[in-house]
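FYI, side chains are in, hydrogens and waters are out, and symmetry mates aren't considered; it's all heavy atoms of this structure.
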Amino acid sequence: MQTTLKIGTRGSPLALAQAHETQARLMAAHGMPVEAFEVVVISTSGDRIQDRPLSEAGGKGLFTKEIEEALLARRIDIAVHSSKDMPTVLPDGLELSAFLPREDARDAFVGKAAKTIAGLPQGAKVGSSSLRRQALIRRMRPDLDVVMFRGNVQTRLRKLDEGMADGTILAYAGLKRLALEHVVTDLMPLDTFPPAPGQGAICIESRIGDRDVERMLTAIHDLPTGQALACERAFLAALDGSCRTPIAGHATISDGTVFFAGLIISPDGTQSHEVKAEGPAQDAARIGNEAARTVRAKAGEKFFDGWA
C-alpha cells in the first residue's frame, strides 16, 4: 500500500468535517501521522444540481457517483459518506466496510418566525428538499407552505436568514459536527418525526478485496452502528427506497437486540403506516427486510402508486 491513504469526499464543510473525523480516528487507531493522509475533494452531480429536487434529477446516487468512480479507478483508497445519502445498491466491486459511532439521529428545526413547527403562524413557509421531511411537516401542519430548499447546511441557513422561509429542518448530527447546535430552536422527537435510514451515521466505502484498507478500517468500525444500519438499509432496499419515496426508519441496538421502527408516508402527509420489529442484532438485515414486507402488506401496493 502506498504511503499516503487517499480519502475521497464531497467538498461541503460537513463532508470535509466527516472526512477529517475519519482521518483522526485512523490516526489514533494506528498511530499514523497526518502526513500519511490526503483528503481528495470530488465534486458530485448532487452538489452541482441546485435548481430542482433530487427526485427529479436522479436520486441520492447523485451524491456518490463521481466519488465511486474515483474509488474504482484507484484515484482514492476510501470514500467517506453520510450514510443517508447512500443508495441501497452499490456498484460492483465496492462495499460499505466501516461505520463510525453514530451521532444523534434526530432532525432539528431551525425557526425564524417561531421556535417550533407548532408555533408557526398559519401559512408560514418551511423549506426542505427531503420528501420525508416535507411529508412529515404536512402531516403535522397541513396549512404550512412547504417549499423546496436545496444546498448544503450553510446555504440553507443563509436562505433562512434572507427570508426565503420561516423555518427549515436539518439533521442534528450535521449541525453538531459543524459546531452549529446554537442555531437549533427545537429537536424533533424520534417517535413522531422519525429520521431517514442512516441519518447521523458516517460510512466508509472501499474496494472489495483491498485487504490493507480492510485491516485499517476494522479498527475504527463501530459494530452497533453497523448492525443498526444493516437493519435500516434492508428496510429501505425492500421498499425500493429512493429520493422519490418518503420512508423513515431508525434502529437501535441494546444488549444484543435490535429494535426497529419504520414508517412509510404519502408525500402529502395524509396517509402513513408504521411498523415495529425486534430481534437478535446479528439478524438485523433480516429483521429490516421483514419489517418492510409487513408494512408493505399493511399499506397495500396501491399506496405506492403514482409517487414517482
Over all atoms of both residues, closest heavy-atom pair of [X] and [Y]:
{"X": "R141", "Y": "A118", "answer": "NH1-O, 3.2 Å"}
{"X": "S128", "Y": "Q134", "answer": "O-NE2, 2.7 Å"}
{"X": "Q122", "Y": "D143", "answer": "CA-OD2, 3.2 Å"}
{"X": "P246", "Y": "S266", "answer": "CG-C, 4.4 Å"}
{"X": "A291", "Y": "A277", "answer": "CB-CB, 4.3 Å"}

Distance in Å, I204 CD1 paired with L96 CG, rounded so as to fall on 0.5 Å steps |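 The CD1 atom of I204 sits 10.0 Å away from the CG atom of L96.
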Please determine if [X] and [Y] form a salt bridge, counting it only when a charged side-chain N lies under 4.0 Å from a carboxylate O.
{"X": "R158", "Y": "D161", "answer": "no"}
{"X": "K159", "Y": "E162", "answer": "no"}
{"X": "D107", "Y": "R132", "answer": "yes"}

Check whether any side-chain heavy atom of [X] lies under 4.5 Å from a side-chain heavy atom of [Y], and answer yes or no.
{"X": "L229", "Y": "R102", "value": "yes"}
{"X": "P13", "Y": "V153", "value": "no"}
{"X": "L144", "Y": "K125", "value": "no"}
{"X": "L90", "Y": "T64", "value": "no"}
{"X": "L72", "Y": "D92", "value": "no"}
{"X": "M188", "Y": "R106", "value": "no"}
{"X": "V126", "Y": "T168", "value": "no"}

Might you confirm whether atom NZ of K276 has over 12 heavy atoms from other residues, nucleotides or ligands at distances under 6.0 Å?
->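 12 or below, so no.
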Would you say the side-chain atoms of [X] and [Y] include a donor-acceptor pair closer than 3.5 Å?
{"X": "E205", "Y": "H81", "answer": "yes"}
{"X": "R139", "Y": "T270", "answer": "no"}
{"X": "D255", "Y": "T257", "answer": "no"}
{"X": "Q18", "Y": "S82", "answer": "yes"}

Evaluate the side chain to side chain donor-acceptor pair (under 3.5 Å) criterion for residues R293 and N289: first the C-alpha distance (whole Å), next the side-chain angles of each, then the deciding distance (0.1 Å), finally the verdict.
-> CA-CA 6 Å; R293 292 208 302 269; N289 184 281; 2.5 Å; yes
E103 and its salt bridge (charged side-chain N to carboxylate O under 4.0 Å, His left out) partner, picked from R177, K176, K84 |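 Passing option: K176.
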Parallel, tilted or perpendicular: which fits the ring planes of F303 and H273, with parallel below 30° and perpendicular above 60°?
->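 Correct class here is perpendicular.
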Worked check of side-chain contact (heavy atoms from CB on, under 4.5 Å) between I247 and F235 | CA-CA 9 Å; I247 296 170; F235 180 73; 3.6 Å; yes
Ring centre gap for H250 and F260 strictly below 6.0 Å |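 No: the rings miss the under 6.0 Å criterion.
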